[in-house]
Amino acid sequence: MAVRPVLKMGEPLLGQVAAPVQRFDAQLAALVADMTETMHALNGAGLAAPQIGVSLRVVIFEITSNPRYPDVPPIPFTVLVNPELTALGEEQEDGWEGCLSVPGLRGLVPRFTRLRYRGRDIEGAVIDRTVAGFHARVVQHEVDHLDGILYPQRMRDLRNFGFEDALRGQVRPTPD
Ligand code: NI
């Protein structure tokens, strides 16, 4: 296990469509171990394999209850492989996001409010969940990384994009 460097916006690999995982083997387990250590070291809410330079369809996410983010409900630690998302309804909501690949910045991003997501866990077992709100937002953000999309590309108004320290007091605080 190792903390790996996180690629930053501008790296070509972050703009690529990642390949599906074919085997649920020790190599996948080692990748997920590195992703987990890296996410925890950087206090991230989620991480996608391309962010550490591996172009495979693997994301992880977790929100533990944190007094710094009292409005953010907890999300159990999840490894999601080869995810498929289905928006439930048309409703979207705006929320502030950050990203370990876009350090120091925050932006207001529209996301579907309700979502069904399916995929596999690290051993290949099926995951099938219906979620809403911040949980749905985190999953949409992470799965976008697998399609080469970073959150600024989803924004509708770049006036709602800025540095976290400059925005303090204007935005609802959320984890990266
Ligand atoms: Ni991100």
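In this chain, residues are counted from 1 in sequence order. Counting starts at 1 for both ligands and their atoms, following the listed order.
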Engineer: Rounded to the nearest 0.5 Å, how far apart are CD of Glu93 and CZ of Phe134?
Structural biologist: 11.0 Å
Engineer: If hydrophobic residues (ILVMFWY) are linked whenever their side-chain heavy atoms come closer than 4.5 Å, directly or via other members, who joins Ile149 in its cluster?
Structural biologist: none
Engineer: What count do you get for protein N/O/S atoms less than 2.8 Å from the Ni ion (ligand 1)?
Structural biologist: 3
Engineer: Taking side-chain contact (heavy atoms from CB on, under 4.5 Å) as the test, write out the residues that go with Asp157, two or more places apart.
Structural biologist: Arg159, Asn160
Engineer: Consider only side-chain N and O atoms of Thr78 and Arg129, and report whether a donor and an acceptor are under 3.5 Å apart.
Structural biologist: yes
Engineer: With ILVMFWY side chains joined below 4.5 Å, transitively, what does Leu88's cluster contain besides itself?
Structural biologist: none
Engineer: Only one of Leu14, Leu13, Leu7 clears side chain to side chain contact (heavy atoms under 4.5 Å, CB included) with Gln51; which?
Structural biologist: Leu14
